[in-house]
Amino acid sequence: MRYYETIPEKHRVSPQQILTANRLVLTLLFVFVLSVTLAAPPPYRWKIRVSVSPEMRQSFQKGGRLLLHITSQRDREPRTRSEITIGITPENWDGTRSFVIDTRAKTLRATGLDKPLEKPDAKYCFQVVYKQNPDDGQENVPGNLYSHIDSVLLTKKLSLQLTLNTLIEPVPVIAHKLVKLITIQSKLLTAFRGRPGQLKAAVLLPSGYYDNPAKSYPICYRIPGLNGRYTAVNTVFGNKDFADWWQSGQAPQVIYVFLDSQGPYGDTYQVDSENNGPCGRALTEELIPEIERQVGYNPASRKRFLTGNSTGGWVSLALQIFYPDFFDGTWSYSPDPVDFEHYGLINIYSDKSVFYNRYGYLQPGRRTTNGEPTFSMRDWIANENTASRTNNYLISGGQFGAYNAVFGPKGKDGLPSLMFNPDTGEIDHAIARQWEKYDLKKVLETNWSTLGPKLQGKIWIWMGDMDGLYSNVATRYLEKMLNKTENPKSDAKIRFTPMAGHGQEWSDKAVLTMIAEKTK
């Protein structure tokens with residue numbers, strides 16, 4: 001007889017009770033550690049005085065976010081990647097006087113400031129960025145200001161002067177007869193935002209386009225990855241191998257359209273939402289009709305396709321599902337989570353926290369293809385908290401700021417409602433339930449009788465089984481659900497590659513070749 005069995009039943013503690021108690025202890029320990037971390041002053045007392053150069057005063061806008069970047073690396077600008085990032089939103093700063101970033105300020109957020117310096121005796125590079133563009137939640141985008149780089153030997157006490165003297169200018173689209181820039185003012189987005197809302201796209205025309213201008217070519221809309229821009233045409237067509245292939249006459253004769261995902265909270269995901277407005281309607285009712293008018297596409301040909309990788313993978317699949325009659329097929333690579341019960345490794349409907357899993361372990365957010373976690377969800381959100389002028393991930397311009405704005409409801413203050421606490425990770429399930437209308441697996445499951453017939457022959461998905469963001473888990477459950485469908489039985493093609501990572505097999509050439517095969 002085991003010792004446990006000698007204890008009277010009324011005094012026994014079940015394994016489930018032990019597990020519950022352990023979870024409670026871990027939760028209390030986490031709250032304690034968090035409170036100590038938030039209360040403890042940083043080990044460094046730095047005062048960085050930031051001013052706006054006279055030339056930049058006209059470009060300055062109130063209410064922006066100052067982000068100070070510090071790195072020991074000399075091969076890049078600190079604003080592109082840094083070991084330490086400090087964020088603060090100056091109150092009532094009009095740019096005519098200096099503002100001092102004090103590392104002991106209570107309103108400051110920082111990442112990396114609480115860790116020992118990697119090279120304590122080396123010079124570190126400092127650079128400050130001022131995020132002020134109201135139409136773009138990102139940092140290094142047109143309309144924002146930044147300073148030149150200064151390098152100093154770090155000490156526990158430090159004073160430094162940095163000047164915002166450079167305005168980030170728009171990136172021009174590559175000049176070529178096969179590249180066409182299309183810009184419209186969206187009546188729908190302008191009415192929603194209360195200020196002019198533009199939509200842009202870059203069109204890559206097939207090599208034979210001008211030889212046969214009366215022909216209606218197949219058209220494919222390429223959705224960028226997170227926060228991508230229509231200027232991605234520069235990278236694709238700027239690649240010599242691709243450009244030579246495209247102009248050789250051997251490439252498929254397809255009109256390839258590069259869409260834009262700019263939004264005030266980050267990527268808009270090209271769908272209608274309470275916070276970003278009618279982005280899906282603006283795309284399908286305003287931008288696409290104008291593009292197709294200008295390039296001579298015939299909608300009756302039924303050759304309007306979608307593709308994208310990562311965020312673009314999710315958006316291309318979502319648009320095909322939300323507009324099943326409008327689009328004629330999608331090639332979606334490494335889509336973001338398509339099932340919110342498997343939102344990475346989190347079940348947003350039942351889990352308590354996005355920072356810790358149900359076993360009390362720190363929740364990983366990223367991993368290598370060997371399965372090694374490289375970045376926790378807690379660290380991920382800490383970075384976004386630092387980047388946002390609200391001191392939480394709400395307007396970070398990052399992944400979770402974008403998710404929150406696209407999928408969640410509008411709050412009482414007019415800003416998006418937070419689905420989870422930015423400091424503890426605790427999930428607000430009342431908000432989480434309102435994300436369901438963007439849970440693609442639930443949408444398909446609930447509406448299969450009407451959606452199923454319209455989606456036959458239109459869904460192709462690729463996923464690596466060691467996806468760096470754990471998105472393969474959600475795609476596996478989507479596949480499992482589709483395999484159970486009846487009337488009709490889904491013919492969606494979902495392909496997994498063992499040991500492959502996020503977007504590893506994404507290829508513009510491969511997509512265009514598959515479109516050519518489909519349209520023969």
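Atoms considered below: every heavy atom in the structure, side chains included; atoms not considered: hydrogens, waters and symmetry mates.
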Open item on the list: Please determine whether side-chain contact (heavy atoms from CB on, under 4.5 Å) holds for the pair Ile431 and Leu418, giving the CA-CA distance in whole Å, both sets of side-chain angles, and the decisive distance to 0.1 Å.
Closed with: CA-CA 8 Å; Ile431 300 296; Leu418 294 175; over 6 Å; no
TODO: Starting from the C-alpha separation in whole Å, work towards a yes-or-no answer on ring-ring contact (aromatic ring centres under 6.0 Å, His included) for Tyr349 and His429.
DONE: CA-CA 6 Å; Tyr349 307 119; His429 292 106; 8.6 Å; no
TODO: Go through the steps for Phe242 and Trp245 under the test ring-ring contact (aromatic ring centres under 6.0 Å, His included), then give the verdict.
DONE: CA-CA 5 Å; Phe242 181 92; Trp245 173 73; 5.5 Å; yes
TODO: Please assess Thr85 against Asn383 for the test side-chain contact (heavy atoms from CB on, under 4.5 Å), listing each intermediate value before the final yes or no.
DONE: CA-CA 8 Å; Thr85 302; Asn383 285 339; over 6 Å; no
TODO: Walk me through it: do Asp328 and Arg302 pass the test salt bridge (Lys or Arg N to Asp or Glu O under 4.0 Å)?
DONE: CA-CA 6 Å; Asp328 304 302; Arg302 303 302 303 166; 2.6 Å; yes
TODO: Could you walk me through whether Asn309 and Glu505 pass the side-chain contact (heavy atoms from CB on, under 4.5 Å) test, one step at a time?
DONE: CA-CA 10 Å; Asn309 177 43; Glu505 293 189 21; over 6 Å; no
TODO: Evaluate the criterion salt bridge (Lys or Arg N to Asp or Glu O under 4.0 Å) for residue pair Lys442 and Glu445; output intermediate values, then yes/no.
DONE: CA-CA 5 Å; Lys442 280 185 180 290; Glu445 206 166 22; 5.8 Å; no
- [ ] Decide yes or no on side-chain contact (heavy atoms from CB on, under 4.5 Å) for Ile184 and Ile291, but give the supporting numbers first.
- [x] CA-CA 10 Å; Ile184 68 166; Ile291 291 171; over 6 Å; no
TODO: Evaluate the criterion salt bridge (Lys or Arg N to Asp or Glu O under 4.0 Å) for residue pair Asp439 and Arg433; output intermediate values, then yes/no.
DONE: CA-CA 10 Å; Asp439 184 325; Arg433 283 192 295 274; over 6 Å; no
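Side chain of Ser388 to backbone of Tyr393: no donor-acceptor contact under 3.5 angstrom is found. Counting only distance, with no hydrogens or angles, the side chain of Ser376 and the backbone of Asp379 share a donor-acceptor pair below 3.5 Å. Side-chain atoms of Asn472 do not come within 3.5 Å of backbone N or O of Met463 as any donor-acceptor pair. Side chain of Gln138 to backbone of Gly398: no donor-acceptor contact under 3.5 angstrom is found. A donor-acceptor distance shorter than 3.5 angstrom exists from the side chain of Lys131 to the backbone of Gly137, with no hydrogens or angles considered. Between the side chain of Ser310 and the backbone N or O of Gly225 there is no donor-acceptor pair closer than 3.5 Å. Of the possible donor and acceptor atoms, none in the side chain of Thr446 sits under 3.5 Å from a partner among the backbone N and O of Val443.
Under the 4.5 Å side-chain criterion, counting only non-hydrogen atoms from C-beta, Val236 is in contact with Phe258. At a threshold of 4.5 Å between non-hydrogen side-chain atoms, the residues Tyr470 and His342 do not count as touching. Using a 4.5 Å heavy-atom threshold, the side chains of Ile223 and Thr311 count as separate. Contact annotation: the side chain of Tyr403 approaches that of Tyr343 to within less than 4.5 Å [non-hydrogen atoms, C-beta and beyond]. The closest side-chain heavy-atom distance from Ile168 to Arg79 is below 4.5 Å. Put simply, the side chain of Pro278 reaches to within 4.5 Å of the side chain of Phe192, judged on heavy atoms. Put simply, the side chain of Trp314 does not reach to within 4.5 Å of the side chain of Pro337, judged on heavy atoms. You'll find the side chain of Ser353 stays beyond 4.5 Å of the side chain of Glu426, heavy atoms only.
Ion pairing between a basic and an acidic side chain is recognised when a charged N comes within 4.0 Å of a carboxylate O; Asp325 and Lys454 show such pairing. Salt bridge Lys480/Asp339: absent, no basic N to carboxylate O contact under 4.0 Å. With respect to Arg222 and Asp508, a salt bridge is recorded, a charged nitrogen being found less than 4.0 Å from a carboxylate O. Ion pairing between Lys520 and Glu517 holds under the 4.0 Å rule for side-chain N and carboxylate O. Ion pairing between a basic and an acidic side chain is recognised when a charged N comes within 4.0 Å of a carboxylate O; Arg195 and Asp135 show such pairing. Salt bridge present: Lys441 and Glu341 bring a charged side-chain N and a carboxylate O closer than 4.0 Å. A salt bridge links Asp465 with Arg476: the distance from a Lys NZ or Arg NE/NH1/NH2 to an Asp or Glu carboxylate oxygen falls below 4.0 Å.
In this structure, a donor-acceptor pair under 3.5 Å is absent between the side chains of Asn404 and Tyr265.
The line from CG of Asp272 to CD of Glu274 is 11.0 Å long, rounded to the nearest 0.5 Å. Between the OG1 atom in Thr307 and the CD atom in Gln320 there is a gap of 11.5 Å [rounded to 0.5 Å]. Within the model, atoms CG of Leu199 and CD1 of Ile288 stand 10.5 Å from one another, a figure rounded to the nearest 0.5 Å. How far CG of Leu482 is from CG of Leu478: 4.5 Å, rounded to the nearest 0.5 Å.
Residues Asn370 and Met466 share a closest heavy-atom pair of C-CE, 4.0 Å. In terms of heavy atoms, Ile86 sits closest to Ala110 at CG1-CB, 4.1 Å. Summarising the geometry of Glu479 relative to Phe496, their closest heavy-atom pair is OE1-CE1, 3.5 Å, with the distance given to 0.1 Å. Minimum interatomic distance between Leu345 and Pro364 (heavy atoms only, all atoms of both residues): CD1-CG, 3.9 Å. Leu189 and Asn276 get closest at one heavy-atom pair: CD2-O, 4.0 Å.
Counted within 6.0 Å of OH on Tyr477, heavy atoms from surrounding residues, nucleotides or ligands total 12 or fewer; the atom is thus considered open. Within a 6.0 Å radius of NZ in Lys410, other residues, nucleotides and ligands contribute more than 12 heavy atoms. Enclosure of atom NZ in Lys187 is not indicated, since only 12 or fewer non-hydrogen atoms of other residues, nucleotides or ligands lie within 6.0 angstrom. More than 12 heavy atoms of other shown residues, nucleotides or ligands fall within 6.0 angstrom of atom CZ in Arg76. Within a 6.0 Å radius of CD in Glu286, other residues, nucleotides and ligands contribute more than 12 heavy atoms.
Considering Trp246, Tyr217, Tyr210 in turn, Tyr210 is the only one that fulfils the side chain to side chain contact (heavy atoms under 4.5 Å, CB included) rule with Leu205. Checked against Phe305 for a ring-ring contact (aromatic ring centres under 6.0 Å, His included), the options Tyr256, Tyr221, Trp331, Phe326 give a single hit: Trp331.
In this structure, Phe420 and Phe400 have perpendicular ring planes: the angle between them is above 60°, well past the 30° mark. Ring geometry for Phe407 versus Phe340: interplanar angle of 30 to 60°, hence tilted. The aromatic rings of Trp380 and Phe375 sit tilted, their planes meeting at an angle between 30° and 60°. Ring pair Trp506/Tyr333 is perpendicular by interplanar angle, where above 60° counts as perpendicular and below 30° as parallel.
Taking the ring centre of Tyr297 as origin, the terminal cationic atom of Arg304 falls outside the region bounded by 6.0 Å and 45° from the ring axis. Annotation: cation-pi geometry not satisfied between Arg378 and Phe355 (NZ/CZ under 6.0 angstrom from ring centroid, within 45° of ring axis).
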